Protein chains: 2
Amino acid sequence: MKNENNVTIHDIAKALNISGSTVSRALNNNARISEKTKKAVKDMAKQLGYQPNALASNLRTSCTNTIGVIIPRISRYFFSSAITGIEELAREKGFNVIICQSNDLEERESDCVQTLFASRVDGVISSVALKAENYDHYKTFTNRNIPLVFFDRVVDELETSKVVVDDFKGGFIAAEHLISKGCKRIAHISGPQHLNIYINRLQGFLKAMRKHHIDINEELIIESPLTREDGLRCAKTLLESDNPPDAIFAGNDTTALSIILYAKEKGIKIPEEVAVVGFSNEPFSEFLSPSLTTVEQSGFDVGTKATELLLDIIQNKTGNKQETIVLPVNLIERESSDKK
Amino acid sequence: MKNENNVTIHDIAKALNISGSTVSRALNNNARISEKTKKAVKDMAKQLGYQPNALASNLRTSCTNTIGVIIPRISRYFFSSAITGIEELAREKGFNVIICQSNDLEERESDCVQTLFASRVDGVISSVALKAENYDHYKTFTNRNIPLVFFDRVVDELETSKVVVDDFKGGFIAAEHLISKGCKRIAHISGPQHLNIYINRLQGFLKAMRKHHIDINEELIIESPLTREDGLRCAKTLLESDNPPDAIFAGNDTTALSIILYAKEKGIKIPEEVAVVGFSNEPFSEFLSPSLTTVEQSGFDVGTKATELLLDIIQNKTGNKQETIVLPVNLIERESSDKK
DNA sequence: TTGAAAGCGCTAACAT
DNA sequence: ATGTTAGCGCTTTCAA
């Protein structure tokens with residue numbers, strides 16, 4: 001049944017001697033079409049191998065039933081699970097998903113925005129690039145009232161709805177956990193301070209320290225891009241100092257990993273000499289040795305929630321409510337902080 | 001600069017007192033338009049904040065500059081790196097990417113096909129669902145000459161171009177490595193035998209065994225869906241038998257992980273009592289303890305190569321050459337097989 | 001080098 | 001309950 005020539009609604013119309021609009025309505029289950037006609041149309045559509053052309057429909061209705069997603073990189077587990085959450089809900093509601101990766105670069109992110117706009121997506125979910133410092137390109141959407149929801153890496157200057165995990169609480173419970181294990185000199189490797197998530201993790205950390213009257217030593221709080229390489233630099237800085245910390249709360253699991261690897265290489269015992277806590281619960285953290293205590297955040301839940309918000313704005317035209325949804329985190333205690 | 005009303009080429013035309021067609025040609029750098037006009041048009045486009053509407057252009061030209069990707073699940077590292085490879089090249093060549101996940105289910109896969117077809121993608125890259133046994137839905141593309149390239153999980157009955165890694169060689173070097181370590185009773189946990197990749201890994205394994213005159217014991221070759229749960233079942237079956245193997249070549253890293261965890265729990269020493277080799281080099285395999293010897297396959301390379309093939313078919317209309325590209329694999333030796 | 005006009009396939013007023 | 005008609009924004013033949 002080769003079918004090179006695409007079948008259109010007009011072919012169905014001709015075959016049944018009715019008008020194109022009737023066919024269109026029948027296929028869309030319009031209430032004003034008789035059941036008999038609907039059945040005839042659908043049967044004929046199947047018989048002719050008709051497949052709707054979304055392009056034409058989209059152009060006409062200027063709505064594409066497509067949402068765009070901009071993320072730094074798909075290969076990070078947190079983001080790929082966020083996408084799984086996004087896709088699942090979007091598809092259920094009849095929406096397609098177009099994904100663009102910014103690779104954490106501002107320029108690429110700007111390209112993504114152009115691409116998604118040219119595709120006339122009905123709305124956008126984004127987590128901003130680490131190295132972006134200017135967010136004007138997002139105005140392409142906001143100026144035209146195209147719904148936009150940020151997740152995880154959000155920026156205050158963009159007034160949209162946001163979905164984040166409770167980074168403050170995450171920082172707080174991580175620090176409090178280390179304190180409860182008897183650690184006194186607790187270091188924190190924080191991420192870029194123009195991003196809320198890292199500010200909040202740091203603030204939560206500081207709050208716990210103050211609450212328990214632990215000295216906050218400026219030298220023990222360092223900023224890092226939180227890559228694997230820079231994690232090694234941080235490990236070195238902290239662990240080779242004259243007065244090393246007895247605990248490190250790393251801004252993410254990747255950095256915690258670097259610390260564990262460095263400590264292993266240098267024969268520094270974890271958790272006895274230095275306890276380590278990460279952030280994210282990346283899949284590998286469970287299998288490290290020692291296994292990594294970390295703050296779990298569900299990418300899937302964040303993605304689902306962001307999609308829920310976005311679809312609500314798209315479908316109910318509720319306008320941009322600028323809600324910020326905060327999802328819970330919880331501490332997963334493992335060996336890397338298990339001091340007696 | 002609010003810009004609710006979308007600017008079209010006609011707005012530019014009106015502003016410059018020229019025709020819409022001239023504007024269209026100027027924007028597309030048509031050779032028959034004077035440089036002066038081109039410049040004027042582009043300047044005005046920028047001034048008015050014109051953004052092309054891909055929908056209209058796509059409908060007219062019936063080519064969308066979009067390729068569709070169907071994968072089992074994005075959260076598996078091999079697939080997310082394949083997508084990274086696909087996206088990178090596709091974008092460079094001016095193509096968008098729409099991703100659909102089948103979740104390894106035939107029905108979902110069929111939905112993906114419909115979705116991508118309705119979006120009139122110019123071509124499709126796919127890795128088939130584990131649980132699919134019927135592939136007729138792909139005829140939606142093949143019947144209409146929409147280019148289709150499979151990667152990784154390919155099926156013989158579909159006559160398209162394919163990109164795979166050298167699974168046969170992978171199975172062979174894994175087995176030969178274990179043999180070289182002095183193992184005699186070598187088990188293999190194989191994947192679903194309707195998929196080439198698992199057939200080939202098994203065949204490569206068998207070839208090495210025969211080459212080195214090692215007895216092939218049917219009881220030591222078992223089939224599994226290769227999930228983490230089923231890996232535990234396999235570990236139990238093999239390691240608790242009366243005459244357990246001294247080595248296991250697992251069909252993927254996930255299964256190897258299950259074996260390592262099971263052995264740890266039961267106090268079975270790896271590699272001394274049983275050596276383990278996996279397949280894929282998942283990110284966690286490096287950090288397991290013992291770290292996992294595995295066969296590395298690059299998802300990124302596979303994705304890139306598949307895209308290269310697909311774009312070649314799309315752009316040069318070369319027709320379907322039904323090539324099968326085989327990419328190299330290599331063994332990463334780590335602790336789990338490091339017997340003296 | 002530029003313009004006029006038709007049309008991609010579908011939907012939605014408006015009319016009947 | 002169904003048909004007529006116009007048009008979404010763009011490209012492209014044909015004509016000038």
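The figures that follow rest on heavy atoms only: side chains count, while hydrogens, waters and symmetry mates do not. Bear in mind the structure is a predicted one, so any value in this text is a computation, not a measurement. Order of the sequence lines fixes the chain letters, A, B, ..., with proteins taken first and strands second; residue numbering starts at 1 for each chain.
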Rounded interatomic separation in angstrom, taking CD1 from B:I18 and C1' from C:dT1 = 12 Å
key: B:L55 CG to C:dC10 P, straight-line distance once rounded to whole Å   = 14 Å
query = Contact class for A:S24 vs. all strands (heavy atom < 4.0 Å): base, sugar-phosphate, or nothing?
reply = base
query = Cation over ring, A:R120 on A:F117, under 6.0 Å and within 45°?
reply = yes
key: Residue-phosphate contact under 4.0 Å: B:T22 side-chain N/O, C:dG3 OP1/OP2   = yes
Within-4.5 Å side-chain heavy-atom neighbours: A:R76 and A:I71 = no
Please write out each protein N/O paired with an N/O of nucleotides 13-16 of chain C under 3.5 Å, distance rounded to 0.1 Å.
residue, atom, partner, partner atom, Å
C:dA13, N6, A:R25, NH1, 3.4

key: Atom pair CD1 (B:I325) and NZ (B:K305), whose distance is rounded to the nearest 0.5 Å   = 5.0 Å
query = When the distance from CG of B:N58 to P of C:dC10 is rounded to whole Å, what number comes out?
reply = 15 Å
message = At less than 4.0 Å, is any side-chain N or O atom of B:N28 found next to OP1 or OP2 of D:dT11? Yes or no.
response = yes
request  = Give the rounded distance in Å between these two atoms: CD1 of B:I9 and C1' of C:dG3.
outcome  = 13 Å
Residue mapping more 5' on DNA chain C - nearest nucleotide basis, B:R120 or B:S19 = B:S19
message = Evaluate A:Q101 against B:R91 for side chain to side chain contact (heavy atoms under 4.5 Å, CB included), listing each step before the verdict.
response = CA-CA 10 Å; A:Q101 297 187 75; B:R91 256 176 220 298; over 6 Å; no
query = Between B:A56 and B:T37, which is nearer to the 5' end of DNA chain C once each is assigned its nearest nucleotide?
reply = B:T37
inquiry  = Has A:N53 got a side-chain atom pairing as donor or acceptor with A:L55's backbone, closer than 3.5 angstrom?
reply    = yes
inquiry  = On a heavy-atom basis, which atom in A:A13 and which in A:G20 lie closest, and how many Å separate them?
reply    = CB-N, 3.8 Å
query = Can you check the A:K38 NZ to D:dA1 P distance for me, whole Å?
reply = 9 Å
inquiry  = Within the structure provided, determine whether B:Q51 and A:Q114 are in side-chain contact (heavy-atom separation under 4.5 Å).
reply    = yes
Protein-nucleotide distance (A:L59, atom CG; C:dG7, atom P), rounded to Å = 17 Å
message = Using whole Å, what does the distance between atom C1' of nucleotide C:dT11 and atom CZ of A:R60 come to?
response = 5 Å
ask   = How close or far is atom P of D:dA1 from atom NZ of A:K36, stated in whole angstroms?
value = 12 Å
